[in-house]
2 protein chains.
Amino acid sequence: MQPTVVDRLIEIGELFQRDMARTFEGTALTLARTAVLWVLHGSGPVTQQTLATALEVTPRNVTGLVDALEATGFVRRRPHPTDRRATLVELTETGEQATTTMVREHDELTSVLTDAVAPADRDAFARGLEAVAAKLRELVAPETAADTAEDES
Amino acid sequence: MQPTVVDRLIEIGELFQRDMARTFEGTALTLARTAVLWVLHGSGPVTQQTLATALEVTPRNVTGLVDALEATGFVRRRPHPTDRRATLVELTETGEQATTTMVREHDELTSVLTDAVAPADRDAFARGLEAVAAKLRELVAPETAADTAEDES
DNA sequence: TATTGTTATACTCTATAACTATA
DNA sequence: TATAGTTATAGAGTATAACAATA
């Protein structure tokens with residue numbers, strides 16, 4: 001029985017995770033922690049509450065992730081200027097470097113994988129991915145479609 | 001900036017995980033545990049050592065997963081007939097039912113996602129996925145290509 | 001000596017609940 | 001009264017190291 005579209009997509013997902021794990025080797029970074037850096041890279045300094053919402057995890061979870069990232073020098077906590085309950089989290093110089101590297105590697109991977117697809121197949125391939133993603137969004141969480149629409153900010 | 005091929009593939013991976021999590025809701029199953037059931041479904045009764053190799057985790061990890069699956073009735077431990085060091089793990093009736101359901105849902109998802117792609121794009125889409133998977137295998141672990149070749153058993 | 005599975009220990013990610021300080 | 005972040009507690013997955021039983 002040859003692999004189906006779903007088999008291939010699942011395999012690709014696993015390979016992506018393995019690729020990321022390989023990238024993190026020897027650093028204090030993990031998938032969850034880089035997700036925090038990624039959000040901060042796109043948003044600038046934000047409260048932990050905002051991070052919790054963006055990452056779809058609990059505030060308690062954010063405390064742990066920020067603790068770890070602060071201890072290893074990637075982010076810094078700073079008092080919120082007007083709301084004394086809140087804490088702003090921002091990237092340190094080390095954190096900025098890490099995200100810069102991540103962006104570069106992401107772009108390189110995009111090039112490599114795009115090149116791997118035969119030129120004549122690329123448009124159809126992109127349309128197929130878009131169609132599959134749209135259907136999955138619909139299946140998994142109807143409200144996620146709205147989230148994606150807001151992403152344009 | 002519109003999403004690239006890699007962005008889409010990452011999103012699809014996340015959506016798959018969310019879909020699986022939704023399926024497990026209310027059961028004692030998790031992603032790691034269903035991976036065990038999936039192996040047993042394909043292999044029949046095997047030792048924990050074999051499971052560890054197949055899942056690419058440590059034997060200690062397998063002990064924990066099998067403990068959990070045994071406690072919740074999905075698998076059963078049985079002495080190895082000839083090697084008294086080893087333990088055979090096999091699916092119970094409950095475990096068989098669970099894997100049957102998993103296979104059915106997997107097939108349904110395959111249909112739904114295949115149908116979501118425009119008929120004229122399907123061949124190119126499949127070729128593109130294959131090309132991307134092949135390139136990723138090459139990038140991530142040169143030896144994985146050999147693993148896949150052995151999969152025909 | 002090598003292998004199988006376990007106990008012991010530890011780290012990461014995740015969650016809920018209760019609490020403090022502040023709005 | 002509600003919100004931001006923390007402490008307390010718990011469970012899942014993962015790992016290494018040491019060990020007992022068996023090969």
Side-chain angles (χ1 to χ4, degrees), chain A residues 14 17-18 20-40 43 45-72 74-90, chain B residues 14 17-18 20-40 43 45-72 74-90:
Chain A
E14 289 169 354
Q17 289 198 25
R18 213 180 288 204
M20 284 188 266
R22 198 200 44 169
T23 304
F24 301 151
E25 241 169 38
T27 75
L29 292 178
T30 63
L31 191 55
R33 291 175 195 178
T34 52
V36 175
L37 299 186
W38 199 254
V39 170
L40 291 175
S43 68
V46 291
T47 64
Q48 296 189 188
Q49 199 53 236
T50 303
L51 282 175
T53 304
L55 299 168
E56 299 184 76
V57 297
T58 61
R60 177 61 185 91
N61 200 343
V62 171
T63 298
L65 294 171
V66 172
D67 282 352
L69 286 168
E70 197 170 37
T72 49
F74 291 94
V75 306
R76 168 191 315 126
R77 280 183 171 99
R78 177 157 65 77
H80 190 287
T82 63
D83 186 341
R84 287 196 295 165
R85 293 170 306 179
T87 306
L88 287 180
V89 182
E90 63 187 5
Chain B
E14 289 170 355
Q17 289 198 26
R18 214 181 287 205
M20 285 188 265
R22 198 199 45 167
T23 304
F24 301 150
E25 243 169 36
T27 74
L29 292 178
T30 64
L31 191 55
R33 292 175 194 176
T34 53
V36 175
L37 299 186
W38 200 254
V39 171
L40 292 175
S43 68
V46 291
T47 65
Q48 296 189 189
Q49 198 54 236
T50 303
L51 282 175
T53 304
L55 299 168
E56 299 184 76
V57 298
T58 61
R60 177 60 185 93
N61 200 342
V62 171
T63 298
L65 293 171
V66 171
D67 283 351
L69 287 167
E70 197 171 37
T72 49
F74 291 94
V75 307
R76 168 191 315 126
R77 280 185 172 97
R78 177 157 65 77
H80 190 288
T82 64
D83 187 340
R84 286 197 294 166
R85 293 170 306 179
T87 306
L88 286 179
V89 182
E90 64 187 3

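A, B, ... follow the sequence lines: proteins, then strands. Residue 1 opens every chain. Worth saying up front: this structure is predicted, and the values here are computed from it rather than measured.
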Visitor: Would you say D/dT6 has OP1 or OP2 under 4.0 Å from some side-chain N or O of A/Thr63?
Guide: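 Checking D/dT6 against A/Thr63, a side-chain N or O does come within under 4.0 Å of OP1 or OP2.
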Visitor: Rounded to whole angstroms, how far apart are CG on A/Leu88 and P on D/dA4?
Guide: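 One finds 12 Å between P of D/dA4 and CG of A/Leu88, rounded.
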Visitor: Is there a donor and acceptor pair closer than 3.5 Å between the side chain of A/Arg85 and the base of D/dT3?
Guide: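 Such a pair is found, so the answer is yes.
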Visitor: Rounded to the nearest 0.5 Å, what separates atom CZ in B/Arg77 from atom CG in B/Leu88?
Guide: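 Rounded to the nearest 0.5 Å, the CZ-CG separation comes to 11.5 Å.
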Visitor: At 4.0 Å (heavy atoms only), tell me whether B/Leu31 reaches a base, stays on the sugar-phosphate, or touches nothing.
Guide: nothing
Visitor: At what distance, to the nearest 0.5 angstrom, does CZ of A/Phe74 lie from OG1 of A/Thr34?
Guide: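 Going from CZ on A/Phe74 over to OG1 on A/Thr34, the span is 10.0 Å.
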Visitor: What is the 5' to 3' range of DNA chain C, first to last nucleotide, that sits under 4.0 Å from any heavy atom of chain A?
Guide: C/dT12 to C/dA23
Visitor: Roughly how far, to the nearest 0.5 Å, is the CD atom of A/Gln48 from the CG atom of A/Leu65?
Guide: 9.5 Å
Visitor: With side-chain contact (heavy atoms from CB on, under 4.5 Å) as the criterion, how do B/Arg85 and B/Gln49 come out once you've worked through the C-alpha distance, each side chain's angles and the decisive distance to 0.1 Å?
Guide: CA-CA 11 Å; B/Arg85 293 170 306 179; B/Gln49 198 54 236; over 6 Å; no
Visitor: Separation of B/Leu51 atom CG from D/dG13 atom P, in whole Å?
Guide: 14 Å
Visitor: At what distance, to the nearest 0.5 angstrom, does OG1 of B/Thr82 lie from CZ of B/Arg84?
Guide: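 With rounding to 0.5 Å, OG1 (B/Thr82) is 11.0 Å from CZ (B/Arg84).
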Visitor: Provide the closest heavy-atom pair for B/Thr30 versus B/Phe24 in the form atom of the first, atom of the second, distance.
Guide: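 Looks like C-CE1, 3.6 Å.
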Visitor: Could you give the CD-to-C1' distance, from B/Glu25 to D/dA12, as a whole number of Å?
Guide: 16 Å
Visitor: Closest approach of B/Ala86 and B/Thr47, non-hydrogen atoms and distance?
Guide: CB-CG2, 4.0 Å
Visitor: Quick one: closest heavy-atom pair of B/Asn61 and B/Val57, and the distance?
Guide: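 Smallest interatomic distance, heavy atoms only, reads ND2-CB, 3.6 Å.
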Visitor: Tell me: CG of A/Leu65 to P of D/dG5, nearest whole Å?
Guide: 14 Å
Visitor: Output the rounded distance in Å from CG (A/Asn61) to P (D/dA8).
Guide: 18 Å
Visitor: Would you say A/Gln48 places a side-chain N or O within less than 4.0 Å of OP1 or OP2 belonging to D/dG5?
Guide: no
Visitor: Might you point out which heavy atoms bring B/Leu40 and B/Glu90 nearest each other, and give the distance in Å?
Guide: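 Smallest interatomic distance, heavy atoms only, reads CD1-C, 4.4 Å.
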Visitor: A/Arg60 CZ to D/dT7 P: how many Å, rounded?
Guide: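 So the CZ-P distance, A/Arg60 to D/dT7, works out to 7 Å.
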Visitor: Considering only heavy atoms, which members of residues 75-83 of chain A lie under 4.0 Å from some atom of DNA chain C?
Guide: A/Thr82, A/Asp83
Visitor: Checking all strands, does A/Thr87 fall into the base, sugar-phosphate, or nothing category for heavy-atom contacts under 4.0 angstrom?
Guide: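 The answer is sugar-phosphate, as A/Thr87 gets under 4.0 Å only of primed atoms, P, OP1 or OP2.
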Visitor: Touch check for A/Arg33, heavy atoms < 4.0 angstrom, all strands: base, sugar-phosphate only, or nothing?
Guide: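 Answer is sugar-phosphate: A/Arg33 comes under 4.0 Å of backbone atoms only.
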